[in-house]
Amino acid sequence: VKIGFVGTGRVGSTIAFTCIQQLDVDEIALIDIVENLAIGEAMDLSHAAAGLDKYPKIIGGSDYKLLRGSDIIVVTAGLGRTPDMTRLDLATKNAGIIKGVAKKIVQNSPKSKILVITNPVDLMTYIMWKESGKSRNEVFGMGNTLDSMRLKRILYEFTTKKIKKAWILGEHGNSMFISKGLIDVESFPDLDKILSNVRFAAAEVIRKKGATFYGPAIAAYRMINAVLNDTKEEIPASVVLDGEFGLKDIAIGVPIILGKNGVEKIVEYELTQEDLENLRNSANLLKEKLKELGY
Ligand code: NAI
């Protein structure tokens, strides 16, 4: 098993650190435009692994050849936002980066699944899919998994119940929504207030500590684990739609089954009217932005 990383900043390196602890991997390849950062992270991670009695091959650098033969490649390359920015503000800059990364991944490791993390993740997932020429099941983005973790935590604070299924769907951004049709809570607490807490949770963490990375790392790990261990976990993630939920030519957060083939299924629940309207609203926003980016 080999996991590749493009981008070894705060989020990429924390995902790699999580994978070393939680998974059995034979090899990890770390790529960053800042070569020494990737090499340094590879060294540090190899020392961490030895402490767990694990000795995977861990390599770092700027040469995409290192990625060859990766089962899955995790892309976090790009800029993060500052407290005054929305995720959409990052779009133009990161779109250029993702376009370049897509080409290099396909040249060097054409069979890998690609997990996109770079924000705005729904747009970057679409661009990665388009520019890589890969099939829809092989490219997916992490956003709503993390949003849903935040939702669960906030629901727990309101209800002191561990809720199994509570999902945020739609854009990983300001138009995200709580799926009221797909939630295991009998009587709703004030969901509008909870949604607003979830929406701004990341911005608050960024304001206080500069970035989010533990939450994103666990969310990404769960998706990587689903693929590598073929768990067929049902998870909300950003995927390219082709008619599902009446939407096309867009990547957006919906429930999927994730397994060894990547996106094994898009689970087309019969959503409530409200959920559907919210999903379409997110999709319209993202479509407009994609158009601005030339897609
Ligand atoms: P960071 O700045 O710590 O790391 C980004 C890394 O990308 C840097 O090391 C940089 O040198 C590298 N990089 C930039 N251009 C590159 C290129 N062309 N090729 C290879 N490497 C390149 O940022 P951080 O905090 O790790 O965030 C990374 C991205 O992930 C941001 O866009 C952020 O908004 C996003 N993010 C997404 C989340 C999600 O839920 N989808 C959650 C948290 C962050």
Value rounded to 0.5 Å, distance of CD1 in Ile15 from CD1 in Ile20: 12.5 Å

Main-chain N/O of Tyr156 paired to Thr160 side chain as donor or acceptor, under 3.5 Å: no

For Lys165 against Leu182, the heavy-atom pair lying closest together: CG-O, 3.9 Å

Side-chain donor/acceptor of Asn278 to backbone N/O of Glu274, under 3.5 Å: yes

Can I get a per-line list of side-chain donor-acceptor pairs under 3.5 Å for residues 135-143, giving both atom names and the distance, sequence neighbours left out?
unit_1	atom_1	unit_2	atom_2	d
Ser135	OG	Asn137	OD1	2.6
Ser135	OG	Glu138	OE1	3.4
Arg136	NH1	Val240	O	2.8
Arg136	NH1	Glu244	OE1	3.3
Arg136	NH1	Glu244	OE2	3.2
Arg136	NH2	Glu244	OE2	3.2
Asn137	ND2	Asn261	O	2.8

4.5 Å side-chain heavy-atom contact, Glu157 and Asn197: no

Residues clustering with Ile39 (ILVMFWY side chains joined when closer than 4.5 Å, directly or via others): Met43

Sub-4.5 Å side-chain heavy-atom contact between Asn229 and Leu23: yes

Single-linkage hydrophobic cluster Leu247~Tyr269, side-chain heavy atoms < 4.5 angstrom: yes

Atom pair CZ (Arg81) and OG1 (Thr86), whose distance is rounded to the nearest 0.5 Å: 7.5 Å

Val6 and Val74: CA distance, side-chain angles, deciding distance, side-chain contact (heavy atoms from CB on, under 4.5 Å) verdict: CA-CA 6 Å; Val6 180; Val74 183; over 6 Å; no

Atom pair CD1/CD1 of Ile73 and Ile224 - distance to nearest 0.5 Å: 11.5 Å

Any side-chain heavy-atom pair of Ile59 and Glu27 under 4.5 Å: yes

CG-CD1 distance between Leu241 and Ile266, expressed to the nearest 0.5 angstrom: 5.0 Å

Sidechain-backbone polar pair: Asn144 side chain, Gly170 backbone, donor-acceptor under 3.5 Å: yes

Stepwise side-chain contact (heavy atoms from CB on, under 4.5 Å) check, Glu264 with Leu258: CA-CA 6 Å; Glu264 307 230 334; Leu258 206 52; over 6 Å; no

side-chain hydrogen bond (donor to acceptor under 3.5 Å, both in side chains) contacts touching residues 6-16 (sequence neighbours left out): Thr8-Asp32

Of all pairs that satisfy salt bridge (charged side-chain N to carboxylate O under 4.0 Å, His left out), the ones with a partner from residues 83-104, not counting sequence neighbours: Lys103-Glu131

Side chain to side chain contact (heavy atoms under 4.5 Å, CB included) partners for Ser46, two or more places apart: Ile58

Presence of salt bridge, Lys248 and Asp242, under 4.0 angstrom: yes

pair Ile168-Ser148: side-chain heavy atoms closer than 4.5 Å: yes

Heavy atoms of other groups near Asp184 CG, more than 12 under 6.0 Å: yes

Whichever hydrophobic residues join Val106 through chains of side-chain contacts under 4.5 Å: none

Reported CG-to-CD1 distance for the pair Leu228 and Ile3, which is rounded to 0.5 angstrom: 5.5 Å

Of all pairs that satisfy salt bridge (charged side-chain N to carboxylate O under 4.0 Å, His left out), the ones with a partner from residues 220-230, not counting sequence neighbours: Arg222-Glu233, Asp230-Lys232, Asp230-Lys260

Hydrophobic cluster membership, Ile97 vs Ile117, 4.5 Å side-chain cutoff: yes

Distance (rounded to the nearest 0.5 Å) between Asp147 CG and Leu195 CG: 9.5 Å

Any Gln21 side-chain heavy atom under 4.5 Å of Leu52 side chain: yes

Single-linkage hydrophobic cluster, 4.5 Å side-chain cutoff, Ile183 and Met149 together: no

Transitive ILVMFWY cluster of Ile206, excluding itself - 4.5 Å side-chain cut-off: none

Tyr214 OH: over 12 foreign heavy atoms closer than 6.0 Å: no

Transitive ILVMFWY side-chain link Met223 to Leu151, under 4.5 Å: no

Glu234 and Ile256, any side-chain heavy atoms less than 4.5 Å apart: no

Backbone N/O of Arg199 and side chain of Asn174: donor-acceptor pair under 3.5 Å: no

N/O donor-acceptor pair under 3.5 Å between Ser112 side chain and Ser109 backbone: yes

Smallest separation among heavy atoms of Ile28 and Ala16, with atom names: CD1-O, 4.4 Å

Donor-acceptor contact below 3.5 Å, side chain Ser282 vs main chain Ser175: yes

Criterion side-chain contact (heavy atoms from CB on, under 4.5 Å) on Arg207 and Phe200, from CA distance to verdict: CA-CA 11 Å; Arg207 206 162 33 241; Phe200 298 110; over 6 Å; no

Salt bridge (charged side-chain N to carboxylate O under 4.0 Å, His left out) partners of residues 34-52, not counting sequence neighbours, each pair once: none

Residue pairs fulfilling side-chain hydrogen bond (donor to acceptor under 3.5 Å, both in side chains) with at least one residue in residues 53-76, sequence neighbours excluded: none

More than 12 heavy atoms of other groups within 6.0 Å of Lys111 NZ: no

Heavy-atom pair of closest approach, residues Val267 and Phe245: O-CZ, 3.4 Å

Phe17 atom CZ: more than 12 heavy-atom contacts under 6.0 Å: no

side-chain contact (heavy atoms from CB on, under 4.5 Å) assessment of Ile178 paired with Leu169: CA-CA 6 Å; Ile178 298 174; Leu169 300 179; over 6 Å; no

Salt bridge (charged side-chain N to carboxylate O under 4.0 Å, His left out) evaluation trace for Glu292 with Lys289: CA-CA 5 Å; Glu292 278 173 36; Lys289 209 68 196 176; 3.5 Å; yes

Sub-4.5 Å side-chain heavy-atom contact between Leu115 and Val75: no

Thr125 side chain near Ile252 side chain, heavy-atom distance below 4.5 Å: no

Side-chain donor-acceptor contact under 3.5 Å, Gln22 with Thr18: no

side-chain hydrogen bond (donor to acceptor under 3.5 Å, both in side chains) partners of residues 113-124, not counting sequence neighbours, each pair once: Asp122-Ser238

Greater than 12 external heavy atoms within 6.0 Å of Lys162's NZ: no

Contacts of type ring-ring contact (aromatic ring centres under 6.0 Å, His included), residue Tyr126, not counting sequence neighbours: Trp129

